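Model, not experiment: these values are computed from the prediction.
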Amino acid sequence: MRNLRIVVVNTIIDHVDESDTALHEQAERGKALRIGLLEAGYNIIASLPADLYLPERIAQLQPDMIIIDAESDARDVLEHIVITTRDERRPIVMFTEDDTTSTMEAAMEAGVTAYIVAGLQSERIKPVLDVALARFRQEQKLLTELSDTKHKLAERKVVERAKGVLMAKHKLSEEQAYQKLRSMAMNKNLKLSEIAQRLLDVEDLLG
């Protein structure tokens with residue numbers, strides 16, 4: 001997918017002292033990343049600093065993917081990313097030179113989809129992003145399925161509780177209680193779980 005709208009988050013400054021070899025190398029690495037993305041045909045809609053305004057800017061831009069160009073210590077940017085993706089998840093790829101296990105684990109816990117060490121060769125960028133996007137979509141599918149399963153289980157529990165109330169109050173069998181709930185739901189044009197919840201709410205109010 002070449003038309004991804006990408007935001008690149010930088011943890012280094014663009015203009016560095018040429019005498020500072022480490023910072024100069026980081027700046028060159030960030031430049032190589034942006035060039036590689038453009039050469040691969042991706043759409044960089046913004047290049048943002050990892051500051052306190054990052055969550056707000058991400059919310060405004062609504063990118064399809066976030067790419068983090070991280071220095072060795074990326075704790076601050078990870079905190080911002082946690083805030084940024086808390087309510088709206090999107091694939092995040094981090095390119096870094098930091099291969100320490102603790103930093104990698106912190107990145108994954110923060111929501112990073114792919115953690116790439118020393119992977120700035122231009123020919124690697126497209127395959128890396130393709131895999132990250134596929135993995136993200138698979139994770140989202142699993143999360144959706146899990147959420148649906150939990151929701152259905154919660155609805156089933158509500159229906160079972162409501163059946164229990166009807167059975168106790170009206171001396172009904174389980175099947176009779178179920179049919180009564182079903183009839184009430186059809187008459188009110190509601191889902192079975194919705195009419196069950198209403199019945200439980202009334203029961204709570206009446207003590």
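A salt bridge links Glu160 with Lys163: the closest approach of a Lys/Arg side-chain nitrogen to an acidic carboxylate oxygen falls below 4.0 angstrom. Asp130 has a carboxylate O that lies under 4.0 Å from a charged side-chain N of Lys126, or vice versa, which qualifies the two as a salt bridge. We find that Arg90 and Glu88 are joined by a salt bridge, their nearest charged nitrogen and carboxylate oxygen being less than 4.0 Å apart. Ion pairing of Arg57 with Asp51 is present here, as a side-chain N (NZ or NE/NH1/NH2) and a carboxylate O approach within less than 4.0 Å.
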For this session: Any chance you could lay out the side-chain contact (heavy atoms from CB on, under 4.5 Å) test for Ile92 and Phe136, step after step, and finish with the verdict?
Result: CA-CA 9 Å; Ile92 302 169; Phe136 175 79; over 6 Å; no
For this session: Evaluate the criterion side-chain contact (heavy atoms from CB on, under 4.5 Å) for residue pair Ile45 and Asn43; output intermediate values, then yes/no.
Result: CA-CA 6 Å; Ile45 59 173; Asn43 179 19; 3.6 Å; yes
For this session: Apply side-chain contact (heavy atoms from CB on, under 4.5 Å) to Met184 and Lys188, showing your working.
Result: CA-CA 6 Å; Met184 292 166 63; Lys188 296 289 186 180; 5.6 Å; no
Exercise. Tyr115 and Val93: side-chain contact (heavy atoms from CB on, under 4.5 Å), yes or no, with the steps?
Worked result: CA-CA 6 Å; Tyr115 188 95; Val93 180; over 6 Å; no
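Within 6.0 Å of the CG atom in Asn187, the count of heavy atoms belonging to other residues, nucleotides or ligands exceeds 12. Under a cut-off of 6.0 angstrom, the local environment of CG in Leu143 is crowded, with over 12 non-hydrogen atoms contributed by other residues, nucleotides or ligands. The number of heavy atoms from other shown groups lying within 6.0 Å of CZ (Arg161) does not exceed 12.
Residues Met104 and Met94 fail the side-chain proximity criterion, which asks for heavy atoms closer than 4.5 Å. Between His170 and Gln176 the shortest side-chain heavy-atom distance does not fall below 4.5 Å.
When His151, Lys157, Lys152 are each tested for a side-chain hydrogen bond (donor to acceptor under 3.5 Å, both in side chains) with Glu155, only one passes: His151.
Neither side chain, Thr144 nor Ser147, offers a donor N or O lying under 3.5 Å from an acceptor on the other. Inspection of the Asp98 and Thr100 side chains reveals an N or O donor paired with an N or O acceptor under 3.5 Å.
Here the CG-CZ distance, from Leu38 to Arg34, works out to 9.0 Å after rounding to the nearest 0.5 Å. Atom CG of residue Leu199 and atom CD of residue Glu194 lie 14.0 Å apart, to the nearest 0.5 angstrom. The line from CD1 of Ile6 to CD1 of Ile67 is 4.0 Å long, rounded to the nearest 0.5 Å. Note that CE of Met108 and OG1 of Thr113 are 7.0 Å apart. Values are rounded to the nearest 0.5 Å. To the nearest 0.5 Å, atom CG of residue Asp69 and atom CG of residue Leu48 are 12.5 Å apart. Note that CG of Leu129 is 7.0 Å distant from CD1 of Ile125, once rounded to the nearest 0.5 Å.
If you chain together hydrophobic residues whose side chains sit under 4.5 Å apart, Leu190 and Val159 fall into the same group. Residues Leu192 and Met167 do not share a hydrophobic cluster, defined by chaining ILVMFWY side chains whose heavy atoms lie under 4.5 Å apart. Under the 4.5 Å side-chain heavy-atom criterion for ILVMFWY residues, a single connected hydrophobic cluster contains both Val9 and Leu61. Met65 and Val131 are not part of a single hydrophobic cluster, where members link through side-chain heavy atoms under 4.5 Å apart. Ile68 and Val117 fall within the same hydrophobic cluster, where Ile, Leu, Val, Met, Phe, Trp and Tyr residues are linked whenever their side-chain heavy atoms come under 4.5 Å apart, directly or through other members.
Residue Ala196 comes nearest to Leu181 through the heavy atom pair CA-CD2, 4.2 Å, listed as atom of the first residue, atom of the second, then distance. Among all heavy-atom pairs drawn from Arg5 and Gln62, the shortest one is NH1-O, 2.7 Å. Smallest separation of non-hydrogen atoms from Ile66 and Pro63: CG1-CG, 4.2 Å.
Within the 3.5 Å criterion, the main-chain N or O of Leu4 finds no donor-acceptor partner in the side chain of Asp64. One N or O on the side chain of Thr149 and one on the backbone of Glu145 form a donor-acceptor pair closer than 3.5 Å.
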